[in-house]
There are 4 protein chains.
Amino acid sequence: MINKAILVGNVGRDPEIRYFDNDQAVANFSLATTERSFKTRDGQEIPERTEWHNIVAWRGLAKLAENYIKKGTQLYIEGKIKTRSYDDANGVKKYATEIVADVIQLLGRKSDNDGSSTYPSQSGGQPASTSSAPRPPESNKVQNGPDKQPDFLSDDNGPEDDLPF
Amino acid sequence: MINKAILVGNVGRDPEIRYFDNDQAVANFSLATTERSFKTRDGQEIPERTEWHNIVAWRGLAKLAENYIKKGTQLYIEGKIKTRSYDDANGVKKYATEIVADVIQLLGRKSDNDGSSTYPSQSGGQPASTSSAPRPPESNKVQNGPDKQPDFLSDDNGPEDDLPF
Amino acid sequence: MINKAILVGNVGRDPEIRYFDNDQAVANFSLATTERSFKTRDGQEIPERTEWHNIVAWRGLAKLAENYIKKGTQLYIEGKIKTRSYDDANGVKKYATEIVADVIQLLGRKSDNDGSSTYPSQSGGQPASTSSAPRPPESNKVQNGPDKQPDFLSDDNGPEDDLPF
Amino acid sequence: MINKAILVGNVGRDPEIRYFDNDQAVANFSLATTERSFKTRDGQEIPERTEWHNIVAWRGLAKLAENYIKKGTQLYIEGKIKTRSYDDANGVKKYATEIVADVIQLLGRKSDNDGSSTYPSQSGGQPASTSSAPRPPESNKVQNGPDKQPDFLSDDNGPEDDLPF
DNA sequence: TTTT
DNA sequence: TTTT
């Protein structure tokens, strides 16, 4: 049924990208969502609290992460909440919950996302894409150069480029 | 950038389905989201208020609507908010805001939605899918019989079956 | 920043309710979101997959859970994703991710959720509310009887009835 | 039931703020969500398309708009979709759909939102707040100076400061 | 026009 | 552990 996470936050560290034999890519990174501190009505001080989310991005979103996401980047992420179990080094069963990204949108000005001067300062427009509309061809995606930043990408590549999971 | 509506409500009237020459289908129906009445702290009675949303569903979602959605059906809908202008019969320019559905999920028990054998097996409902997961082949979709109700459907059919809009 | 989960699924087991000295309540239960099985284009069968979410509901939402949520109930839940760490019986540090509910909406027909007279009239459910609209006075809430089911509730009780967390 | 819009986009013009006799404020502004252009698989070029949303923000969110939102500001907005009817100058009945904001989050770097040099460049943190958690006292909100930017605000002020609508 |  |  419906399993959706919607996050806006900042990336904690540069993404780790792995490639598989079948040329598929996956990116892992963490995203912080921070709640501001505040006082309750009775004067109690509630401190700021940061929640860290483990983000997993496959296929085109992994390439987006590789090219445009780094420590500190502000992102909108939409994805599915998934918990997987694994045995740690001591054979203890553990659980890890991850957000498997369906949509990633880079936020802030172009200058926030790339410090280079290759982004024409007069460009200004806000390109965008949608998760369900007809998808641009893969060839279009990977050709995206720095002057045509894919600041939004959805993960609807279909089965043909499916993955080892 | 991000343009998303998330609605849970009840269908006001049976959907209207139209077919185009290229075999594409579109369904239109209205969805009510009702806020309950309540009293403010100073005792003021705020009456119940119903908001009516114009829903547009294309392709497989139109067929889902045709086969499984009727007056009173409770739905979860995810879509995009779009406003279009048109000239009415008197040539006055008017605006209409619609929710173009990306995901429709039938809610409630099966007995609420169906339970009867009145759904023709050739009706061609489509199987559940998620917006980003690999999509089942079209051939699989049309083989879906009435005993395997597609209570969730997303609209990610891709460009090849795109539409006159 | 933004940390939001949106779920539609079925409750796995009757909620567990705990009361604290200060009369506050918390409910814990699990919610299943099931993705249907499907075939990829190359014929691979992807089996059905169920994700289990640990739901935590405080205050009025805990009472809603106590009175109206049971094994099998279909729910819409909106909440925050929170991960907490704890040491298990063997002193091993573990992590648990939970959805702390902000909004719970009972889905399906009334007959799915109730219809019976088994809900104690003194149970004190709370009326529907929205997270941002003016909130009904507390006195109104506790007068709610069983014949006026609060099928929607949001958790915006404010600081004065805050909690040991 | 559930009526939620989630938008990320850019403000089209400086907000208009109006104050009422009872000291309440409302802000109106438009927000653009732009879909990128793309090519369909059969080579058809789908042009970029911008959707304009009419945003209405009450109370504290109106003050946030007054102080921190201007033409070009990038925002995350969560709200309710509401359609109201009115008679235009010619007595023709018209409809206008608006997004009544519940949550507004300023996006991008601090320097994006305020060009002044009063924001210490070393500050860097991203304060935040949540829609359902206990709310900071009003006095805290209105004292927010430029060095403590309220880049996130939710509209849960309660009935006592309710409004002429 | 739905639903509660 | 739910539901379909």
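Below, chain A is the first sequence line, B the second, and so on; all start at residue 1. The model shown is predicted, which means the values in this text are computed figures rather than measured ones. Below, each value reflects all heavy atoms present in this structure, side chains not excepted, and no hydrogens, waters or symmetry copies.
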Asker: For C/Gly72, answer base if it contacts any base atom (sugar-phosphate contacts may also be present), sugar-phosphate if it contacts only those atoms, and nothing otherwise; contact means non-hydrogen atoms under 4.0 Å.
Answerer: sugar-phosphate
Asker: Could you state the atom-to-atom distance from CG of C/Asp14 to C1' of F/dT1 in whole Å?
Answerer: 11 Å
Asker: Just the rounded figure in Å: distance from C1' of F/dT2 to CG of C/Leu75.
Answerer: 11 Å
Asker: Figure out the NE2/C1' separation between C/His53 and F/dT1, and round it to whole Å.
Answerer: 13 Å
Asker: Between atom CD1 in B/Ile69 and atom C1' in E/dT2, what is the gap in whole Å?
Answerer: 13 Å
Asker: Once you round it to whole Å, what is the distance between P of F/dT2 and CD of C/Glu51?
Answerer: 16 Å
Asker: Is it true that A/Asp88 and A/Lys94 have a side-chain N and a carboxylate O under 4.0 angstrom from each other?
Answerer: yes
Asker: Any side-chain N or O of C/Lys71 below 4.0 angstrom from OP1/OP2 of F/dT2?
Answerer: yes
Asker: The side chain of B/Ser30 is closest to which nucleotide in this list: F/dT3, E/dT1, E/dT2?
Answerer: E/dT1
Asker: Could you tell me whether a side-chain N or O of B/Asp14 sits under 3.5 Å from a main-chain N or O of B/Lys71, the two making a donor and an acceptor?
Answerer: yes
Asker: Under 3.5 Å, is there any donor-acceptor pair linking the side chain of C/Thr34 to the base of F/dT4?
Answerer: no
Asker: Excluding sequence neighbours, so at least two apart, what forms side-chain contact (heavy atoms from CB on, under 4.5 Å) with B/Thr97?
Answerer: B/Ile81, B/Thr83, D/Thr97
Asker: Between B/Lys70 (NZ) and E/dT2 (P), how many Å, whole number?
Answerer: 14 Å
Asker: Side chain of B/Arg13: nearest nucleotide among E/dT2, F/dT2, E/dT1?
Answerer: E/dT1
Asker: Between the base of F/dT2 and the ring of C/Trp52 - centre-to-centre under 5.5 Å, planes within under 30° - is that a stack?
Answerer: no
Asker: In the structure I gave you, are the side-chain heavy atoms of A/Leu7 and A/Ile99 within less than 4.5 Å of one another anywhere?
Answerer: yes
Asker: Looking at every strand, decide which applies to B/Thr50 at a 4.0 Å heavy-atom threshold: base, sugar-phosphate, or nothing.
Answerer: base
